[in-house]
Number of protein chains: 2
Amino acid sequence: MNFRDILVFLYIAENTKSKNIFSTAEIAEVVGSSQQTISRKLRELEKFGLIARRPTVKGTEILLTPEGKSFLKKIYASSKAALFSSEWPTITGFVCTGLGEGSYYVSLPQYYEQFKSKLGFQPFRGTLNLKTKRPVDKIVDNKIPIVIDGFVTKKRSFGKIFCYPILIEDKIRGALIFPERSNQLKDVIEIIAPVNLRKEFGLRDGSKISLKVI
Amino acid sequence: MNFRDILVFLYIAENTKSKNIFSTAEIAEVVGSSQQTISRKLRELEKFGLIARRPTVKGTEILLTPEGKSFLKKIYASSKAALFSSEWPTITGFVCTGLGEGSYYVSLPQYYEQFKSKLGFQPFRGTLNLKTKRPVDKIVDNKIPIVIDGFVTKKRSFGKIFCYPILIEDKIRGALIFPERSNQLKDVIEIIAPVNLRKEFGLRDGSKISLKVI
DNA sequence: ATTACTAACTTACGAGTAT
DNA sequence: TATACTCGTAAGTTAGTAA
């Protein structure tokens, strides 16, 4: 693990406006390295085309090259995107009628209590079924599910349920739910929310709805 | 020269919103490295406290830790400052009457033509003398001067003049000028500009004026 | 498919020191 | 003072594989 190169570069980039003469010892002090290493790094940065350099007896004159400025912009754009972009993957679905399975399962107290504590909301006792154009496998495969544990009763056993938090129509938090054992088709997904979504958004079969997997 | 660490980190930071499962081979491809190196780097990043990691058969689940997010913010702040901050060193001076030397030198055609071509403006044929509280040595010592070459006539020789571009009162571009051989005191500086600054700003002896060394 | 260990090789680091 | 060369040691890289 070695962030020295970027630290040296950013130190120069930040300070090159107020001065152009740096000493290798000064930079070494700032980034926690030796004078010799900085001397070498400056020559490498120059060879790399990121800085223009002229050593003098007073220190080393340093200017960022156009390539250096371009690299700086890339770092800026990348860190900015990482911090502020909200490009959650989006799913478009069309309301359809399900088998009613989901509603039954959600209402089971052993599941219901887990939904409340693990998802952070009290689900409406029903699910909304959506038909999607493309299978959502690729999206959820790359996300970490919230796992609702299964349980056993005298009569039968109930499997796990995998949940993925979503934002419905950019307004309401909810979750995609995937029962471990399911009879659903792959292009039909089931969602739960704290409210009755059909009423909330005035939905009927065929209505279009957007989900962001957050 | 090795920017791999930061590239790996930024790639994860940028993509962790849309997915949490990465493969070492995928990251290796992006940053131009081997699968083995990325495997090691991820373990190092985890040890360093920047990411939380859980390898699975499908890939490696990765989340940024609070420390990772904090580090990301530092990179962002630093690159942003380097790109957009305009913190030029500022000098505050008080108008005083000089020896008239400067005005004479500036008007000499051998110097005047160089001022025009090297500074990018046609100087007013006079200089403004300023008394400063602190010597400006430390500021200009770290900047690269524009050098006006000396010349020789039959009568005598004229030395170099060192110029530092400035912004006067945040409005007018000008330059600090330091004759190689000067009788000026160290806390008195001389500036030139495309206009008569005394008229432009209605200055009299003792008037305060600000300069940014750009 | 994955991740990650081993081992051989390459590169980086910095104390001493020259310039 | 400054930069930077030498060189012994430390750390990083990756092909070949194991798991």
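Letters A, B, ... are given to chains in the order of the sequence lines, protein chains preceding strands, and every chain is numbered from 1.
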Start and end of the DNA chain C segment that chain A contacts, any atom under 4.0 Å from a heavy atom: C/dA12 to C/dG16

Sugar-phosphate only, base, or nothing, as touched by B/R53 at under 4.0 Å among non-hydrogen atoms: sugar-phosphate

- prompt: NA contact type, B/R4, heavy-atom cut-off 4.0 Å: base, sugar-phosphate, or nothing?
  reply: sugar-phosphate

query: Once you round to the nearest 0.5 Å, how far does CD of A/E113 lie from CD1 of A/I148?
result: 11.0 Å

statement: OG1 of A/T37 to CG of A/D5, rounded to nearest 0.5 Å, is 10.0 Å

- prompt: Tell me the ring pair (Phe, Tyr, Trp, His ring centres under 6.0 Å) pairs involving residues 16-46 of chain A, sequence neighbours left out?
  reply: none

query: Does any residue of residues 18-27 of chain B have a heavy atom under 4.0 Å from DNA chain C, and if so, which ones, in number order?
result: B/F22, B/S23, B/T24

Near-strand residues of residues 33-48 of chain B, defined as heavy-atom separation under 4.0 angstrom from DNA chain C: B/Q35, B/Q36, B/S39, B/R43

Salt-bridge criterion met for [X] and [Y] (N-O under 4.0 Å):
X: A/K41; Y: A/E44; value: yes
X: B/D149; Y: B/K118; value: yes
X: B/D170; Y: B/K212; value: yes

field: Under 3.5 Å side-chain donor-acceptor pair for B/E61 and B/T56
entry: no

task: Could you verify whether a donor N or O on one side chain and an acceptor N or O on the other, from B/Y105 and B/E190, lie under 3.5 Å apart?
output: no

Step-by-step salt bridge (Lys or Arg N to Asp or Glu O under 4.0 Å) determination, B/K19 to B/E26: CA-CA 13 Å; B/K19 64 175 187 175; B/E26 162 208 352; 2.7 Å; yes

task: Under 4.0 Å from any heavy atom of chain B: name the first and the last nucleotide of DNA chain D that qualifies, 5' to 3'.
output: D/dG12 to D/dG16

field: Closest heavy-atom pair and its distance - A/T65, A/A52
entry: CG2-N, 3.7 Å

query: Between A/P194 and A/I172, which heavy-atom pair has the shortest distance, and what is it?
result: CD-CG2, 3.9 Å

message: Please enumerate all residues that pass ring-ring contact (aromatic ring centres under 6.0 Å, His included) together with A/F71, with sequence neighbours excluded.
response: A/F9, B/F3

query: Is atom CD of A/E29 surrounded by more than 12 heavy atoms (other residues, nucleotides or ligands) closer than 6.0 Å?
result: no

